[in-house]
> 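Structure below; questions to follow.
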2 protein chains.
Amino acid sequence: MKTVPHITDAEWEVMKVLWNQSPRTANEVIEAMQDQTDWKPKTIRTLLNRLTQKQALSFTQENRVYAYFPLVSEGECVKSETQSFLKRMYGGAFKPMLVNFLKEEQLSEEDIKELKQLLENKSK
Amino acid sequence: MKTVPHITDAEWEVMKVLWNQSPRTANEVIEAMQDQTDWKPKTIRTLLNRLTQKQALSFTQENRVYAYFPLVSEGECVKSETQSFLKRMYGGAFKPMLVNFLKEEQLSEEDIKELKQLLENKSK
DNA sequence: CACTCAGTATTACATTTGTAATCCATACTT
DNA sequence: AAGTATGGATTACAAATGTAATACTGAGTG
């Protein structure tokens, strides 16, 4: 299975913007992030660079300007991060985590119904 | 709510040993970790120190020797790490993560039954 | 009492990460 | 053609992290 590069917290924010829509130029990414963060444009460019170096992003060039797009899907990354997380927290076992979460977390009647439905489907 | 210090990957391994049983001397911790890791004793002592500084551990002193014990529970730490994780992956929303997990992961018929049972209990 | 050994405390050092600033090249302006 | 502005490339720098090594100190040993 393909290994995805490790994406840090700050980088993750940038990836989310590009997963949401791509390709986008650096300036478009910067623009899109004005609300979520107060990072300086230079900071965001640094993150774009690092993500490109670690091959999480690539870009096409139009004149002087790069348009970035993801090389890895959100799903892949989420899955990969989840694996590490699971490993750290629960020694890699999935079910104990679920059990713990279900005990701890608030869920609406609606949510519970939906989850039960999912479990139904899985069991068939 | 009490804030737990941030515990890094390497430190987490040490905490697990002490959550499992405590108090333990540095040497006992080192001993216990021989299987899981190939860290040098000095490395483990460094981690014990850092954890003590960030008040995740404390110790009692018997003669020349320290016996370490956790100041934060595994549950607290798991919960806290889970919050950050959730925030990063799913913008903090719990249910989407569950949905995703349930879709992705393998679960035995047994597991599914158990989880459904948990959901049942929650809904009442 | 001098020496050694075992623990603890202090220091080391490369890498990663967060957070930018400065330098460079080129496209447009005058 | 020279000057300016804009976007990319390079450099910066502190804190956190992984991974130890060295220094110090007191307790037991000869």
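Everything numeric here is computed off the predicted structure, so don't read it as measured data. In what follows, every chain begins at residue 1, and chains take the letters A, B, ... in the order their sequences are listed. In what follows, every heavy atom counts, from backbone to side chain, and hydrogens, waters and symmetry copies are set aside.
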> Would you call B/Glu81 and A/Arg88 a side-chain contact if the rule is heavy atoms closer than 4.5 Å?
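Counting from C-beta outward, B/Glu81 and A/Arg88 do come under 4.5 Å.
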> For the helix from C/dC1-D/dG30 to C/dT30-D/dA1, what angle lies between the axis at the first five pairs and the axis at the last five pairs, to 10 degrees?
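Result, rounded to 10 degrees: 40°.
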> Salt bridge or not for B/Glu11 and B/Arg50, using N-O below 4.0 Å?
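Salt bridge: no.
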> Any carboxylate oxygen within less than 4.0 angstrom of a Lys/Arg side-chain nitrogen, looking at A/Lys16 and A/Glu74?
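Salt bridge: no.
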> For the CD atom on B/Gln55, are there more than 12 heavy atoms of other groups (residues, nucleotides or ligands in this structure) within a distance under 6.0 Å?
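Count not over threshold, so no.
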> Distance check needed: D/dG28 C1' versus B/Arg64 CZ, whole Å only.
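That distance rounds to 12 Å.
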> How many Å lie between CD1 on B/Ile44 and C1' on D/dG18, as a whole number?
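Result: 13 Å.
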> For the pair made of NZ in B/Lys54 and C1' in D/dG18, what is the distance, rounded to whole Å?
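So the two atoms are 12 Å apart, to the nearest Å.
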> Donor-acceptor pairs are to be reported for all side-chain atoms of residues 35-45 of chain B against protein atoms at under 3.5 Å, with residues two or more places apart or in another chain.
{"residue": "B/Gln36", "atom": "NE2", "partner": "B/Ala32", "partner atom": "O", "Å": "2.9"}
{"residue": "B/Thr37", "atom": "OG1", "partner": "B/Trp39", "partner atom": "N", "Å": "3.2"}
{"residue": "B/Arg45", "atom": "NH2", "partner": "B/Asn27", "partner atom": "OD1", "Å": "3.2"}

> For A/Ala67 and A/Arg50, find the nucleotide of DNA chain D closest to each by heavy atoms; which residue's nucleotide sits nearer the 5' end?
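Between the two, 5'-proximity favours A/Ala67.
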> Hey, what's the ring geometry for B/Phe85 with B/Tyr90, parallel, tilted or perpendicular (30° and 60° as the breaks)?
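Taking B/Tyr90 first and then B/Phe85, their aromatic rings stand perpendicular (interplane angle over 60°).
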> Output the rounded distance in Å from CG (A/Asn49) to C1' (C/dA20).
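About 13 Å, once rounded to whole Å.
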> Do any side-chain nitrogens or oxygens of A/Thr43 fall under 4.0 Å of OP1 or OP2 in C/dT19?
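No, because none of the side-chain N or O atoms of A/Thr43 sits under 4.0 Å from OP1 or OP2 of C/dT19.
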> Classify the side chain of B/Lys42 and the base of C/dT8 as holding, or not holding, a donor-acceptor pair under 3.5 Å.
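In this structure, the two groups form a donor-acceptor pair.
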> Output the rounded distance in Å from OH (B/Tyr66) to C1' (C/dA9).
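After rounding, the gap between these two atoms is 8 Å.
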> Below 4.0 angstrom, which residues in residues 5-39 of chain B have at least one non-hydrogen atom near DNA chain C?
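Contacting residues: B/Ala26, B/Asn27.
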> Indicate the atoms forming the closest heavy-atom contact of A/Val17 with A/Arg24, along with that distance.
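Minimum heavy-atom separation between A/Val17 and A/Arg24: O-NH1, 2.8 Å.
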> Are side-chain N/O atoms of A/Asn49 and A/Thr52 paired as donor and acceptor at under 3.5 Å?
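Their side chains do not contain a donor-acceptor pair, so the 3.5 Å distance test is not met.
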> Specify the separation, in whole Å, of atom CG of B/Leu48 and atom P of C/dT8.
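From B/Leu48 CG to C/dT8 P: 9 Å.
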> Could you check if a side-chain atom of A/Glu62 sits within less than 4.5 angstrom of a side-chain atom of A/Thr25, using non-hydrogen atoms only?
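No, every pair of side-chain atoms sits at 4.5 Å or beyond.
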> In this structure, how many angstroms lie between the P atom of D/dC13 and the NZ atom of A/Lys40, rounded?
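So the NZ-P distance, A/Lys40 to D/dC13, works out to 18 Å.
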> Grab the CZ-P distance between B/Arg45 and C/dT11 for me, whole Å please.
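Interatomic distance, CZ of B/Arg45 to P of C/dT11: 18 Å.
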